[in-house]
Protein chains: 2
Amino acid sequence: MPPSRPTRDPATPLREAILQEARTLLESGGYAALSTRRIASAVGCTATSLYLHFKSKDSLIYALIDEGFEELNRRVLDVSRGEGDALHLLRDVAGAYVAFGLERPEYYEIMFMLRAEQMERYPVDAYRRARRSLEVFAELTALPAEEAARRGAIVWSTLHGLVSLLIAQRIDISLDRSALIQDLIHSAGLGAFAALPSGANRT
Amino acid sequence: MPPSRPTRDPATPLREAILQEARTLLESGGYAALSTRRIASAVGCTATSLYLHFKSKDSLIYALIDEGFEELNRRVLDVSRGEGDALHLLRDVAGAYVAFGLERPEYYEIMFMLRAEQMERYPVDAYRRARRSLEVFAELTALPAEEAARRGAIVWSTLHGLVSLLIAQRIDISLDRSALIQDLIHSAGLGAFAALPSGANRT
DNA sequence: GCCTTACAGTTTACGCTGTCAACCTGGAAT
DNA sequence: ATTCCAGGTTGACAGCGTAAACTGTAAGGC
């Protein structure tokens, strides 16, 4: 006889079903749409069942964040292995970063726009590993480690500023979006390679 | 006989007392610490009394946001009226913006870091008026309106990126914070004045 | 002096949230 | 046959924003 299935399809065990529903809700309504009870009722179980598979709601969200970083890393690292000089590569990488943010704003939101106290329990080392793609900005500068790290952070800040303001709809809509993005990516290149007061660089 | 005071000190009518307590809670615990019930119990009234003076919790927060913009505008406009060439003025203004963000992170949070759907009801024109200081970035470039607006948005994005990542504690703490800020402000100057592919500019 | 009106607050309640403790239940192992 | 346990459920708790109904008090008009 078949191994006695529960009411749910065993091909998608509960944990995966919960994750899948969380993805759907996130993509359709952003972070605000994620609630344990809503997930549970869509999946066909009770809210507390969620805690059999995830330590907390936060840790469920961390799983989604990980998925987001996986995609971001894939996109960025793909592009970073392309051809061309460092400046053009950096612009391509920057473009890939911005594209990810604008194409998957809900993922970007939980990855980079949640307030710190809501992220407290996200393991620091996991976060560092997850942010792998951000190091690419630094590496492309080919500067000494500390200088490179600073330039990388500057590039990241620059891109993050635009992406988060666009997602939050704070930028004047009368501005030509793609021109703005182009200019800013160019500007990020300047931030990475142009002469800064602090030292080593090339024009 | 005295005009029969209610249990509360009439010198600070309820609306002001609520605002004051909201300020205190915001400054001590950020947006997450703001709850109608917590405010009410600290003030000595019920949660629903709040709705006699504010349309909703959101509109109470808008009042705080307005206060934040008032301070930001004061700081930025003060500096923008200083002496020096446009580039140095822009760096001073950028410095003032960043300083505000880092010195009043809880205000910065509700002003610029809340997700869009939570801000939906903030009147668009009020928001435009509130953001007066952001136009300074554009004005200092002394470029044709459209180009200036784009450059201004780029500068703002750049600064916002750094401030929001610092506030959210996403930037590697091993980096020298003030050097980073210096570099980024320099970089924002480049974004405003350097040659971009799109046209009019000066070195 | 009495009645009306308006205001300023409270009580109560609704539906929502994340989470915990206790309970149940069906199948596998002893 | 009995025990054990993983995987679920029920019920509850404390908190949230907010709407409706109620209460007490002050001021104004007659």
Side-chain angles (χ1 to χ4, degrees), chain A residues 1-22 25-26 29-65 110 114-115 117-122, chain B residues 1-22 25-26 29-65 110 114-115 117-122:
Chain A
M1 60 207 74
S4 98
R5 44 204 63 190
T7 61
R8 205 171 348 283
D9 177 11
T12 60
L14 193 49
R15 188 194 149 92
E16 188 45 50
I18 288 171
L19 259 178
Q20 180 53 49
E21 185 56 34
L25 284 176
L26 176 70
Y31 174 76
L34 288 177
S35 106
T36 55
R37 285 177 160 85
R38 190 151 16 175
I39 294 169
S41 88
V43 149
C45 68
T46 57
T48 49
S49 300
L50 202 144
Y51 291 85
L52 300 171
H53 301 277
F54 299 92
K55 196 177 122 294
S56 64
K57 185 194 179 191
D58 278 1
S59 79
L60 165 59
I61 290 171
Y62 296 153
L64 296 178
I65 290 180
I110 60 172
L114 287 193
R115 286 179 293 291
E117 80 267 9
Q118 296 182 280
M119 299 288 299
E120 229 160 16
R121 274 125 73 189
Y122 193 91
Chain B
M1 62 207 71
S4 98
R5 43 205 61 186
T7 61
R8 206 174 346 285
D9 177 12
T12 58
L14 193 50
R15 189 194 148 94
E16 189 45 50
I18 288 171
L19 259 177
Q20 180 53 49
E21 184 57 33
L25 284 176
L26 176 70
Y31 174 78
L34 288 176
S35 106
T36 56
R37 287 175 155 85
R38 195 160 1 184
I39 293 169
S41 88
V43 149
C45 68
T46 57
T48 50
S49 299
L50 202 144
Y51 291 84
L52 300 172
H53 303 276
F54 299 92
K55 198 176 121 293
S56 63
K57 185 195 177 188
D58 278 1
S59 80
L60 165 59
I61 290 170
Y62 296 153
L64 296 178
I65 289 179
I110 60 173
L114 287 193
R115 287 178 293 292
E117 80 265 11
Q118 295 182 279
M119 299 287 300
E120 228 158 15
R121 275 123 75 188
Y122 193 91

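All values reported here derive from a predicted model rather than from experimental measurement. Here is how names work: the chains are called A, B, and so on, in the same order as the sequence lines, proteins then strands, and each is numbered from 1.
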Original post:
Counting any heavy atom closer than 4.0 Å, what does A:Thr46 reach on the DNA or RNA strands: base, sugar-phosphate only, or nothing?
Top reply: base
Subject >> Touch class at under 4.0 angstrom, heavy-atom based, for A:Ser35 against every strand present >> reply: sugar-phosphate
Subject >> Length of the line joining B:Leu34:CG and D:dT18:P, which is rounded to integer Å >> reply: 13 Å
Original post:
Under the 3.5 Å rule, do the base of C:dT11 and the side chain of B:Thr48 count as making a donor-acceptor pair?
Top reply: yes
**OP:** May I ask you to say what B:Leu60 touches in the nucleic acid, namely base, sugar-phosphate or nothing, with a heavy-atom cut-off under 4.0 Å?
**Re:** nothing
Original post:
Do you know the tightest heavy-atom contact between B:His53 and B:Ser49?
Top reply: CD2-O, 3.6 Å
Subject >> Proximal nucleotide (of D:dG17, C:dT10, D:dG7) relative to the B:Lys57 side chain >> reply: D:dG17
Original post:
So which nucleotide from D:dG17, D:dC13, C:dT10 ends up closest to the side chain of B:Arg37?
Top reply: D:dG17
Original post:
Please give, in whole Å, the distance from D:dG8 P to A:Tyr51 OH?
Top reply: 16 Å
Subject >> Minimum side-chain heavy-atom gap B:Thr36-B:Thr48 below 4.5 Å >> reply: no
**OP:** Under the side chain to side chain contact (heavy atoms under 4.5 Å, CB included) rule, what do A:Leu34 and A:Leu64 come out as? Steps first, then yes or no, please.
**Re:** CA-CA 11 Å; A:Leu34 288 177; A:Leu64 296 178; 4.1 Å; yes
Subject >> Residue A:Leu14, side-chain atoms from C-beta onward, closest of C:dT10, C:dA13, D:dG8 >> reply: D:dG8
Original post:
Quick one: is C:dA8 close enough that its OP1 or OP2 comes under 4.0 Å of any side-chain N or O from B:His53?
Top reply: no
**OP:** Pick base, sugar-phosphate or nothing for B:Ile39, based on heavy-atom distances below 4.0 Å to the nucleic acid.
**Re:** nothing
